[in-house]
Engineer: 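I'd like to ask you about the structure that follows.
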Amino acid sequence: MGNWSTFTARLSLFIPPAAAVEKAVEIYQRLWETFPDGYQSDPNPLAPSIARAKRNNLSLTCQSARSRIDISFSAVPREKGANLDLIQDSSELLAELRRVITGLNGRGPRSPVMRVALILQVVSPSSSVAEANRELTKIMPPDYRLKLTDETDFILQVNHPLESVGSSRRQINFIKKWSTERIQIQFFEVPGGAGAPPIHSAAINPMTEKEFTVSSVTLDINNSPTSESLPPPTQAEILGGAVSMASEFLRKSDLHITGF
């Protein structure tokens with residue numbers, strides 16, 4: 001088997017378009033009970049606000065926009081361009097996911113939430129598309145397994161709807177996607193230092209660009225759309241169940257993600 005690791009994870013909360021939108025910094029402060037490392041807002045009420053922080057080996061982004069709130073996790077960038085930055089030990093990721101999920105019941109967004117989702121992507125870097133295809137077919141369920149060679153942009157997606165295990169008894173979508181992907185990463189160099197004048201965005205140019213070929217498995221676990229808002233305990237219950245479902249799927253797929 002290949003060297004599979006977590007690339008990204010995200011918790012998404014979907015709110016009605018007409019609902020009041022909280023600033024990302026306010027949501028972050030309640031959930032983590034501290035200030036973020038950085039915050040970005042825009043006078044335009046339709047533009048998202050973003051709070052960013054580094055928590056040990058994780059890079060965290062909380063984005064609040066019209067109709068949805070996203071809390072995303074990825075690896076803290078290391079050596080520039082040498083390797084694709086992956087979360088090598090997902091134990092820390094699981095702890096942060098559980099922190100947010102637990103916090104939703106009492107310290108979550110004040111806006112009504114109609115739908116919640118967990119999105120988790122794990123990848124295995126490869127030296128070529130053919131190698132990525134071979135690695136992907138190894139871990140696909142036998143019923144879906146295809147004979148792949150050097151085909152590009154392969155995607156297979158299925159949904160297995162099921163009833164929530166918890167007390168909410170809401171239908172849950174369990175979407176699984178197997179794909180071969182090429183991930184492009186751009187690195188920017190910002191001149192200046194202490195006491196330097198502000199840099200206009202037009203003066204910031206890409207310094208390098210790196211492309212990585214990976215085998216990818218993406219899970220999207222969410223409740224079906226509803227016309228009623230989800231109480232905070234229900235939000236936490238659905239997302240907590242989604243984390244358990246994702247962990248079980250990864251183990252049964254022999255992906256050997258450390259921490260799951």
Side-chain angles (χ1 to χ4, degrees), residues 6-32 36 39-42 44-53 58-74 93-94 96-121 157-177 217-247 249:
T6 305
F7 181 42
T8 59
R10 185 176 80 244
L11 297 172
S12 292
L13 312 176
F14 298 87
I15 62 179
V21 180
E22 285 186 285
K23 296 296 185 183
V25 66
E26 298 170 355
I27 299 170
Y28 181 95
Q29 285 178 292
R30 282 201 306 274
L31 289 173
W32 277 273
Y39 175 62
Q40 176 182 334
S41 187
D42 192 296
N44 183 350
L46 299 179
S49 60
I50 303 172
R52 293 187 175 89
L58 293 177
S59 178
L60 186 158
T61 301
C62 178
Q63 178 171 295
S64 178
R66 287 285 175 186
S67 77
R68 64 187 290 169
I69 297 164
D70 291 320
I71 301 173
S72 305
F73 304 87
S74 59
L93 169 64
L94 282 173
E96 291 298 329
L97 287 172
R98 289 176 178 139
R99 173 198 289 269
V100 175
I101 292 170
T102 300
L104 292 177
N105 192 5
R107 303 195 309 273
R110 302 297 189 232
S111 305
V113 173
M114 316 302 289
R115 191 180 190 186
V116 296
L118 165 70
I119 295 89
L120 179 70
Q121 184 180 16
Q157 178 173 299
V158 295
N159 182 20
H160 289 106
L162 55 118
E163 192 173 78
S164 174
V165 177
S167 60
S168 63
R169 314 310 298 175
R170 297 179 186 273
Q171 181 173 292
I172 301 297
N173 296 308
F174 194 168
I175 301 169
K176 311 169 189 74
K177 184 178 78 171
V217 177
T218 303
L219 305 179
D220 183 347
I221 307 173
N222 61 81
N223 67 288
S224 295
T226 174
S227 59
E228 301 176 352
S229 62
L230 302 174
T234 302
Q235 299 171 36
E237 183 180 59
I238 292 173
L239 289 173
V243 170
S244 298
M245 291 163 61
S247 298
F249 173 85

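Predicted model, so just to flag it, every value in this text is computed and none were measured.
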Engineer: Hey, does the side chain of Q171 reach the backbone of P161 with a donor-acceptor pair shorter than 3.5 angstrom?
Structural biologist: no
Engineer: Please say which of Q63, R68, R115 ends up in a side chain to side chain donor-acceptor pair (under 3.5 Å) with S12.
Structural biologist: R68
Engineer: Considering non-hydrogen atoms only, spot the tightest contact between P232 and G106 and give its length.
Structural biologist: CB-N, 4.5 Å
Engineer: Step by step, work out the side-chain contact (heavy atoms from CB on, under 4.5 Å) result for L13 and L104.
Structural biologist: CA-CA 10 Å; L13 312 176; L104 292 177; 3.9 Å; yes
Engineer: Hey, are the side chains of P36 and V25 touching, using non-hydrogen atoms and a 4.5 Å cut-off?
Structural biologist: yes
Engineer: Compare all side-chain heavy atoms of L118 with those of L219 and state whether any distance is below 4.5 angstrom.
Structural biologist: no
Engineer: Calculate, to the nearest 0.5 Å, the distance between atoms CG and CG belonging to L162 and N173 respectively.
Structural biologist: 8.5 Å
Engineer: Please report the shortest heavy-atom distance between G103 and L31, naming the atom on each side.
Structural biologist: C-CD2, 3.8 Å
Engineer: To the nearest 0.5 Å, what is the distance between OG (S72) and CZ (R52)?
Structural biologist: 10.0 Å
Engineer: Any side-chain heavy-atom pair from M114 and P16 closer than 4.5 angstrom?
Structural biologist: yes
Engineer: Mind checking what makes ring pair (Phe, Tyr, Trp, His ring centres under 6.0 Å) contact with F7, not counting sequence neighbours?
Structural biologist: none
Engineer: Within the 4.5 Å heavy-atom criterion, are V116 and T234 side-chain neighbours or not?
Structural biologist: no
Engineer: Hey, does V217 have a side-chain heavy atom less than 4.5 Å from the side chain of K176?
Structural biologist: no
Engineer: Taking all heavy atoms of A24 and all of A51, pick out the closest pair and write down the distance.
Structural biologist: CB-N, 3.7 Å
Engineer: Nearest 0.5 Å, what's the CD1-CD distance between I101 and E237?
Structural biologist: 12.0 Å
Engineer: Roughly how far apart are L239 CG and N105 CG, rounded to 0.5 Å?
Structural biologist: 11.5 Å
Engineer: Are any of the side-chain heavy atoms of R107 and W32 separated by less than 4.5 Å?
Structural biologist: no
Engineer: Output the distance between atom CD1 (I50) and atom NZ (K23), rounded to the nearest 0.5 Å.
Structural biologist: 11.5 Å
Engineer: Is the closest side-chain heavy-atom distance between F249 and F174 below 4.5 Å?
Structural biologist: yes
Engineer: If you define the side chain from C-beta out and look only at heavy atoms, does anything of S64 sit under 4.5 Å from I27?
Structural biologist: yes
Engineer: Measure across A65 and P48 and return the closest heavy-atom pair with its distance rounded to 0.1 Å.
Structural biologist: CB-CB, 3.7 Å
Engineer: For Y28 and L60, what are the C-alpha separation, side-chain angles and deciding distance, and is it a side-chain contact (heavy atoms from CB on, under 4.5 Å)?
Structural biologist: CA-CA 10 Å; Y28 181 95; L60 186 158; 3.7 Å; yes
Engineer: State the CD-CG distance between Q235 and L230, to the nearest 0.5 angstrom.
Structural biologist: 6.0 Å
